[in-house]
Amino acid sequence: MFDIDWTSLALPFAYITVLGGSLYTFSTVYRKRKAFENANLEPWFPPHLQRNIYLTLLHMEPEPGQEKAPKVPDSVIRAALLRRAVEDIRRIIQIRTSKQALNTLLQRGSVGDDLNQRFTRAEKEIEEELRDVVTEANALAPGWGQTIFQSANEIAANTMLRTRLEEIEGRAAADKEWWDKRREAIQKNFMKELEEDSSTKDSTKGASDDEGVLVDSATPASTPSGGSKKKKGKK
């Protein structure tokens, strides 16, 4: 049988125990600190107003002096849930649009890790929100969870198109005023160029007339000599 010297093994075991306890303490403190920091991070999206309205309608409490809460029609609850799904569609579009730009900025080191944590938490929240909406829709009407987001997507697209048209119509008056000013400036420049061209032509014509006068004044001096020669010939 081998004799074990427990005294010599006490120091390594004590070292391992202290090391393991230190690592466990560090990991626990680190996780708690990260959880505290994540909890204090500013959310990516503002409060979900449509979800709050839906939950308020679904869980209405009785007013003072009444035993039962007022009955909310199913059509109102369904409309509130549909509006909630429309807001979820809008947030999904915003997340998909921002994800590529955020990844590019993270690779360049232009943004910190806090922004990435906020975005990751927003992605998880929207995934949970989608599952919750599907569950609520199936509870209100069996099978509605498969088509609610299709209807919400159509409503969101129509809303965006209507908003875009209103923006264009709102800029129509300003654009028309800008084009009128631009056309007036172009007309002024064109008329100015015409006046400059006409003045240049007038100056050129005056110079040519002066040259013609000089030529005509030089011509009569040679005419008499020619006439005298003809008269002498007749004699």
Side-chain angles (χ1 to χ4, degrees), residues 40-54 56 75-76 78-127 129-130 133 147-215:
N40 292 331
L41 287 176
E42 183 181 359
W44 189 268
F45 294 109
H48 204 313
L49 180 61
Q50 288 75 10
R51 179 179 59 192
N52 297 337
I53 292 174
Y54 171 77
T56 302
S75 58
V76 176
R78 291 181 183 180
L81 183 60
L82 187 59
R83 297 303 303 176
R84 177 181 174 183
V86 171
E87 176 63 19
D88 292 340
I89 291 293
R90 188 187 67 81
R91 296 190 176 199
I92 290 172
I93 294 174
Q94 185 175 351
I95 283 179
R96 290 179 178 176
T97 305
S98 304
K99 188 171 185 177
Q100 184 175 2
L102 180 61
N103 291 334
T104 303
L105 293 175
L106 284 174
Q107 291 176 359
R108 295 178 180 177
S110 302
V111 295
D113 189 55
D114 294 343
L115 188 64
N116 187 31
Q117 291 179 1
R118 290 173 53 198
F119 186 80
T120 304
R121 188 173 67 179
E123 285 184 323
K124 294 180 180 179
E125 289 177 355
I126 197 64
E127 290 177 0
E129 171 68 13
L130 296 180
V133 169
T147 59
I148 184 172
F149 283 108
Q150 181 178 357
S151 303
N153 190 20
E154 294 176 358
I155 295 174
N158 292 332
T159 303
M160 293 175 62
L161 179 60
R162 192 182 305 110
T163 304
R164 183 61 178 168
L165 290 176
E166 291 177 355
E167 291 177 356
I168 294 174
E169 291 176 357
R171 292 201 309 266
D175 292 343
K176 184 177 182 300
E177 183 179 359
W178 183 84
W179 277 113
D180 291 340
K181 292 181 179 180
R182 179 63 177 170
R183 181 175 58 186
E184 184 178 356
I186 293 173
Q187 289 178 353
K188 288 182 180 180
N189 293 331
F190 182 69
M191 295 301 296
K192 185 177 180 180
E193 291 178 358
L194 288 179
E195 291 176 357
E196 292 177 354
D197 291 341
S198 61
S199 62
T200 304
K201 290 181 180 178
D202 293 339
S203 61
T204 305
K205 183 178 180 181
S208 62
D209 292 341
D210 294 339
E211 291 177 358
V213 171
L214 292 174
V215 172

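What you see is a predicted model, and the numbers here were worked out from it, not measured in a lab.
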State, to 0.1 Å, how close [X] and [Y] come at their nearest heavy-atom pair, and which atoms those are.
X   : Y    : answer
R84 : E129 : NE-OE2, 2.6 Å
R83 : Q50  : O-CG, 3.7 Å
L82 : A152 : CD1-N, 4.2 Å

Exercise. Run the salt-bridge test on K192 and E195 with the 4.0 Å N-O cut-off and return the result as yes or no.
Key: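 No salt bridge links K192 with E195.
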Quiz item: If you draw a 6.0 Å radius around CD in Q100, do more than 12 non-hydrogen atoms from other residues or ligands fall strictly inside?
Solution: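 No - once you tally the heavy atoms of other residues, nucleotides and ligands closer than 6.0 Å, there are 12 at most.
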Tabulate below the donor-acceptor pairs under 3.5 Å that side-chain atoms of residues 88-95 make, not counting sequence neighbours, or state none.
from : atom 1 : to  : atom 2 : distance (Å)
D88  : OD1    : H48 : NE2    : 2.8
R90  : NE     : E87 : OE1    : 3.2
R90  : NE     : E87 : OE2    : 3.3
R90  : NH2    : E87 : OE2    : 2.4
R91  : NE     : E87 : OE2    : 3.0
R91  : NH2    : P46 : O      : 3.0

What I'd like to find out is whether the side chain of [X] reaches to under 4.5 Å of the side chain of [Y], using heavy atoms alone.
X    : Y    : answer
K99  : F119 : yes
F149 : L130 : yes
R118 : L115 : yes

In residues 178-185, what donor-acceptor pairs under 3.5 Å come from side-chain atoms, sequence neighbours left out?
from : atom 1 : to   : atom 2 : distance (Å)
D180 : OD1    : R183 : NH2    : 3.3
D180 : OD2    : K176 : NZ     : 3.4

Please round to the nearest 0.5 Å and tell me the distance separating atom [atom1] of [X] and atom [atom2] of [Y].
X    : Y    : atom1 : atom2 : result
L194 : N189 : CG    : CG    : 11.0 Å
E166 : L161 : CD    : CG    : 10.0 Å
N158 : N153 : CG    : CG    : 9.5 Å
L102 : Q107 : CG    : CD    : 10.0 Å

